[in-house]
Number of protein chains: 2
Amino acid sequence: MATTRLDRELKKGSAELLILSLVETRARHGYEIGKLIEDRSGGTLKFNVASLYPLLYRLEARGWIQGRWVDKAGQRRRRYYKLTVAGRKVLGAQRTTWQTFAAAISRIAGVQHA
Amino acid sequence: MATTRLDRELKKGSAELLILSLVETRARHGYEIGKLIEDRSGGTLKFNVASLYPLLYRLEARGWIQGRWVDKAGQRRRRYYKLTVAGRKVLGAQRTTWQTFAAAISRIAGVQHA
DNA sequence: CTTGATGTATCGTATAACCATATATGGCTA
DNA sequence: TAGCCATATATGGTTATACGATACATCAAG
């Protein structure tokens with residue numbers, strides 16, 4: 001079946017919310033974030049690296065996450081990102097936004113959410 | 001507060017689902033669809049005409065909706081769109097996709113849906 | 001020594017939203 | 001009767017962005 005494009009677009013809109021959520025309780029590096037999203041969604045959500053990394057840079061440039069390089073023997077260097085104070089506020093706002101949108105869409109599209 | 005862009009992106013992804021849903025039971029014209037989405041979402045969802053009309057043309061080009069010009073005295077001509085058989089199948093698939101995504105995002109982002 | 005998983009990075013291209021603007025009609029009001 | 005608002009459709013040009021492809025780098029497994 002042809003991809004409806006809806007799924008792709010949906011990923012775009014929720015990308016920031018997903019990333020901010022994952023670095024909420026602890027610092028994580030890019031690759032880990034990508035894998036976590038894929039795994040926890042059961043393969044439903046999957047980010048291309050060419051989308052994921054630029055997104056991380058953007059979030060850092062906005063001051064919502066803070067990156068730190070970590071070198072460890074026997075490993076490629078990783079950049080760990082953690083949520084900033086400003087990012088925490090944004091995350092809270094985005095969670096509310098998400099719920100509002102999900103409710104509105106479900107109502108108009110006639111989708112019942114469990 | 002600065003727009004987080006999440007809301008804008010979310011609209012993009014759900015636009016097709018919303019439109020297909022609104023022309024499911026009866027034919028509607030563009031302006032009406034725009035107003036319905038805005039009204040039924042309580043202002044949360046709002047489409048720019050420069051996004052809405054091209055989207056309608058795209059959906060029609062794909063054969064998911066079928067447009068028909070209707071002239072009526074004392075009114076500007078309107079183009080009424082109705083769901084096609086192919087569109088009905090797509091709508092069903094998109095509803096399923098939407099539910100799957102909403103569940104995945106809520107799970108990862110730690111958002112509880114009522 | 002080749003393959004695959006891990007890990008970060010980006011060029012180029014295609015897609016698409018939307019601002020601004022245009023056209024057209026009817027009703028209300030000053 | 002001129003102005004403005006709601007209705008209704010249409011699009012050129014700008015801008016943002018996702019992602020395929022590709023690159024580089026390290027280590028384990030076979």
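Naming convention: chains lettered A, B, ... in sequence-line order (proteins, then strands); numbering from 1 in each chain.
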(request) Let me know the distance between CH2 of W69(A) and P of dT8(C), rounded to the nearest Å. (result) 6 Å

(request) Under 4.0 Å between any heavy atoms, over every strand shown, what does Y57(A) touch: base, sugar-phosphate, or nothing? Just pick one. (result) sugar-phosphate

(message) Check this for me: does any side-chain nitrogen of one of E60(B) and R68(B) sit under 4.0 Å from a carboxylate oxygen of the other?
(response) no

(message) Run the salt bridge (charged side-chain N to carboxylate O under 4.0 Å, His left out) test against E32(A) and tell me which residues pass, sequence neighbours left out.
(response) R26(A), R28(A)

(message) What's the separation between atom NZ in K89(B) and atom CG in L20(B), rounded to the nearest 0.5 Å?
(response) 14.5 Å

(message) Output the rounded distance in Å from NZ (K72(A)) to P (dT6(C)).
(response) 15 Å

(request) Quick one: closest heavy-atom pair of V23(A) and Y81(A), and the distance? (result) CG1-O, 3.5 Å

(request) In whole angstrom, give the distance that lies between atom CG of L36(B) and atom C1' of dA6(D). (result) 16 Å

(request) Take the protein atom NZ of K35(A) and the nucleotide atom P of dG4(C), then report the distance between them rounded to whole Å. (result) 14 Å

Polar-atom pairs under 3.5 Å, protein N or O versus N or O of nucleotides 18-23 of chain C: list them with distances, or write none.
residue : atom : partner : partner atom : Å
dC18(C) : OP2  : S51(B)  : OG           : 2.9
dC19(C) : OP2  : N48(B)  : ND2          : 2.7

(message) When you measure from the side-chain N and O atoms of Y31(A) to the phosphate of dA5(C), is any distance below 4.0 Å, counting only OP1 and OP2?
(response) no

(request) Side chain of R58(B) only, please: which of dT8(C), dA16(C), dA10(D) is the nearest? (result) dA16(C)

(request) Please state how far atom CG in L18(B) lies from atom C1' in dA17(C), giving the value in whole angstrom units. (result) 16 Å

(request) Starting at atom CZ of R77(A), determine the distance to atom C1' of dA25(D), rounded to an integer number of angstrom. (result) 11 Å

(request) Using the six-membered ring of W98(A), assess whether NZ or CZ of R95(A) lies under 6.0 Å from its centre and within 45 degrees of the ring axis. (result) no

(request) Check the distance between dT10(C)'s C1' and L56(A)'s CG and give it to me in whole angstrom. (result) 14 Å

(message) Nearest whole Å is fine: how far is dT25(C) P from R79(B) CZ?
(response) 19 Å

Output side-chain donor-acceptor pairs under 3.5 Å for residues 46-57 of chain B, partner residues at least two apart or in another chain, one line each.
residue : atom : partner : partner atom : Å
K46(B)  : NZ   : E38(B)  : OE1          : 3.4
N48(B)  : OD1  : A50(B)  : N            : 2.9

(request) Give a yes or no on whether the backbone of R107(A) and the side-chain of R40(B) come within a donor-acceptor separation of less than 3.5 Å. (result) no

